[in-house]
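Written out below as structure tokens is the structure these notes cover.
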Amino acid sequence: MYYYNNKPIEKIDAPLCEHPEKEVKNLLLHLPIHSIVYNENEEESFRGSAVPKMNYNTDSVLLTDGERSPKNHWPNPQYFHIHNGGARAITFKLPYLCAVNGFSVNFCRDDAVAVRIPRWLKFRASADGETFETLFETYYMGTKRDKRSFTLKQEFAPTKAIYVQIVFDVVHHVFIDEIEVYGCTDATEAKLPQKDGKPLFYEFPKPAEHNAYPPADVIGARNINLSYNYRPCDPDKGLQTVEDYLPLVGYLDRDGKILDTFMDGQLYLPDSDFWGNPLSKYAEGWKAYVDVTFQKGKNVDALNRAVGIVKEALGLPDYKVSVYFSLLYTYTGPDEFGELDGEVLTFDNVESRKKAIKWMVDTVIRRYTQGSYGNTQLKGFYWFEEVINSSDPDEPALIQFAGDYVRSLGYKLFWIPYYKANGYADWERYGFDMASMQPNYMFDARIPKERLYENAAEAKKLGLCVEMEVWQIREDEQGNIDNPHHIEKFMEYMYAGAETGSMLSCKTYYHGSAPGGCITNGWKSKNPRYRELYDTCYLFAKEKLEAK
């Protein structure tokens, strides 16, 4: 199916081994893959997100070559790679009828780069290619979050089989080292598989349908800019200035005159290189991030001053911009996280991780209050993760704790998943007050424009907001743009929002890393089309853009 070279699973009269043995061994050693299929109910997701070159084909022998990666390191070519697109069923055809009594499968994991273990897994067997029995299933394979391999090994009653299947879901990247199926070639005493009526793929409960975007002020702002403010590898680029904020909190003409207010929300979050830096996993890095966020003259302080300039220019003494702060990852691992409020934490238990989340909330509120940023108002917190990590058993409890705690203080918790990321449909069940889904149309030339409308329809159905995305627009001194098609794509985002109605809901805006950003730089552009992007974004933010 699609790009897999599959052989059909046919009803057969399975041959017997001429010289059967009772010795239990790995029956799959050096056996080729018979087929790999995906859930046809996830056809749209599969074609829209699964990248062919990241999905190894059935002609690969990596799963049964008997060789394991010497260490848990996904770039090792010994791993078999599967990417996105929902669940997979990998089928092997044994050379003759055997008695199978167990299996093992080894997954690589590295949560920092979205290499996950599946949420659920099944093992199925058939003696004739028609009647399959599920001999093992688990709908939760969670382990503590860190960088290590995960091996699932299971035994069951000897069962006759000619076909065996490993079925599991795929959350972004799955890297499998080796699959082994144990049994013997003497099947005389094994039981026959019984038809159990269970579907090949597990279907999670369907989420509640809303059929409406959330109110525009659902968390206290209608237009929330993603303000990246910490880059440990290049600290100066994580410092937003008054000049960076002015074109965002105020709508400026080409001469810099302030004509109106613009975005009424700013979300503070670390840049992507923070997560590739060891500092992200230790208290030292968390404290450094907080210090940079509240650095005098930069970031929150610069925003407060910029809003003050806009208020004075427009004669709006009571106007305020809402601010939101990030709750960072609590990575688990063998090392101590470090000291917070006199207590050394190690994230080997959920209570320590809750303490770190509480420390972040309390510390940010204290620093914000001490700063006297009177032109802004603290409205909530952001769960800094774009996918729910199903391989972390404590994550649901951590999200629920964070949401309950910030709400007890009068604030809101929200989340911005990528397109159909794991957990997006269950955002309410996890305990978020709002979620804004990324279309991810901007970043991949292979994704058609229809993605904008598919994302909007899915968001409306589930009560989600929509994120706006634009990046990598650079202009030379003559006004030439290096990526003019990025301007056109962002125009498509905005007109799709006007057409679908997501414009009338709360919007979040990604427009590149600090300092400034693509929208910020558009106001002073010499290129008419780039300046038009800025003007159009203002109309869109003010809900005045007319659909084409």
Side-chain angles (χ1 to χ4, degrees), residues 111-112 114 116 119 145 171-172 204 207-208 210 212-228 265-272 274-275 280 322-331 353-354 356-358 360-361 364 378-392 394-409 411-440 455-456 458-469 502 505-510:
D111 293 301
R116 314 286 194 189
R119 291 174 293 179
R145 168 184 281 183
V171 181
H172 212 58
F204 283 98
H210 289 254
Y213 300 109
D217 60 351
V218 61
I219 57 170
R222 306 174 83 91
N223 298 279
I224 302 173
N225 171 60
L226 274 62
S227 184
Y228 291 90
Q266 297 287 331
L267 162 62
Y268 286 91
L269 65 172
D271 213 318
S272 57
F274 179 61
W275 303 114
S280 67
S322 299
V323 292
Y324 307 84
F325 297 103
S326 296
L327 301 181
L328 306 182
Y329 292 146
T330 53
Y331 284 104
R353 299 170 76 183
K354 288 179 180 179
I357 291 172
K358 183 178 183 298
M360 179 61 78
V361 173
V364 164
L378 175 56
K379 285 292 186 177
F381 292 84
Y382 168 62
W383 186 258
F384 192 83
E385 189 169 27
E386 296 183 3
V387 61
I388 300 301
N389 181 14
S390 58
S391 59
D392 183 347
D394 295 331
E395 185 140 316
L398 292 172
I399 298 171
Q400 193 67 54
F401 168 79
D404 289 345
Y405 185 58
V406 301
R407 281 187 289 272
S408 74
L409 301 174
Y411 304 111
K412 299 292 182 67
L413 180 68
F414 72 105
W415 177 47
I416 307 178
Y418 59 75
Y419 181 67
K420 292 191 174 180
N422 180 45
Y424 83 98
D426 297 312
W427 64 274
E428 285 179 294
R429 181 171 61 84
Y430 283 107
F432 295 111
D433 296 295
M434 185 273 273
S436 178
M437 189 157 69
Q438 309 167 30
N440 300 139
N455 185 82
E458 191 74 1
K460 184 176 182 180
K461 181 177 73 173
L462 297 170
L464 294 154
C465 301
V466 172
E467 174 155 289
M468 309 301 293
E469 300 163 321
S502 64
S505 182
C506 178
K507 288 88 65 183
T508 55
Y509 296 80
Y510 170 81

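The shown structure was predicted, so the numbers you read here are calculated from the model rather than taken from an experiment. Values reported hereafter were calculated over all heavy atoms of this structure, with side chains retained and with hydrogens, waters and symmetry mates removed.
Side-chain contact between F274 and L269 is absent, with no heavy atoms from C-beta onward closer than 4.5 Å. Side-chain contact between V387 and H172 is absent, with no heavy atoms from C-beta onward closer than 4.5 Å. Residues C506 and I224 form a side-chain contact, since some pair of their non-hydrogen atoms from C-beta on lies under 4.5 Å apart. You'll find the side chain of W427 stays beyond 4.5 Å of the side chain of P207, heavy atoms only. E458 places a side-chain heavy atom less than 4.5 Å from the side chain of Y424.
Taking OH from Y430 and CG from L413, the interatomic distance works out to 14.0 Å, rounded to the nearest 0.5 Å. The CD1 atom of I219 lies 8.5 Å from the CG atom of L267; values are rounded to the nearest 0.5 Å. How far OH of Y331 is from OG of S280: 5.0 Å, rounded to the nearest 0.5 Å. Here the CD-CG distance, from E386 to N440, works out to 7.5 Å after rounding to the nearest 0.5 Å. Here the straight-line distance linking atom CG of L328 with atom CH2 of W383 works out to 10.0 Å at 0.5 Å rounding. The structure places CE of M437 at 5.5 Å from CG of L464, a figure rounded to the nearest 0.5 Å.
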Intermediate values then yes/no, side chain to side chain contact (heavy atoms under 4.5 Å, CB included), I357 and F401:
CA-CA 9 Å; I357 291 172; F401 168 79; 4.3 Å; yes
Report the C-alpha separation of T508 and L226 in whole Å, then their side-chain angles, then the decisive distance to 0.1 Å, and conclude whether the side chain to side chain contact (heavy atoms under 4.5 Å, CB included) test is met.
CA-CA 7 Å; T508 55; L226 274 62; 4.0 Å; yes
For a side chain to side chain contact (heavy atoms under 4.5 Å, CB included) check, start with the C-alpha distance between K507 and V466, then their side-chain angles and the critical distance, and finish with the verdict.
CA-CA 6 Å; K507 288 88 65 183; V466 172; 5.9 Å; no
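In terms of heavy-atom proximity, Y509 sits nearest to N223 at OH-OD1, 2.6 Å. Closest non-hydrogen pair, P417 versus A435, comes out as CD-CB, 4.4 Å. When all heavy atoms are compared, the tightest approach of I388 to I399 is CD1-CD1, 3.6 Å.
Side chains of N455 and Y419: a donor-acceptor N/O pair is absent below 3.5 angstrom, by distance only. The closest side-chain donor-acceptor pair between R116 and N422, if any, does not fall under 3.5 angstrom. Using a 3.5 Å distance cut-off with no hydrogens or angles, the side chains of S436 and E467 do not pair a donor with an acceptor. Under the 3.5 Å distance criterion, with hydrogens and angles disregarded, no donor-acceptor pair is assigned to the side chains of Y510 and Q438. The closest side-chain donor-acceptor pair between E428 and H210 falls under 3.5 angstrom.
Note: F414 and F432 fail the aromatic proximity criterion, with ring centroids not under 6.0 Å apart.
Only one option out of K379, Q266, R222 pairs with S322 in a side chain to side chain contact (heavy atoms under 4.5 Å, CB included); it is K379.
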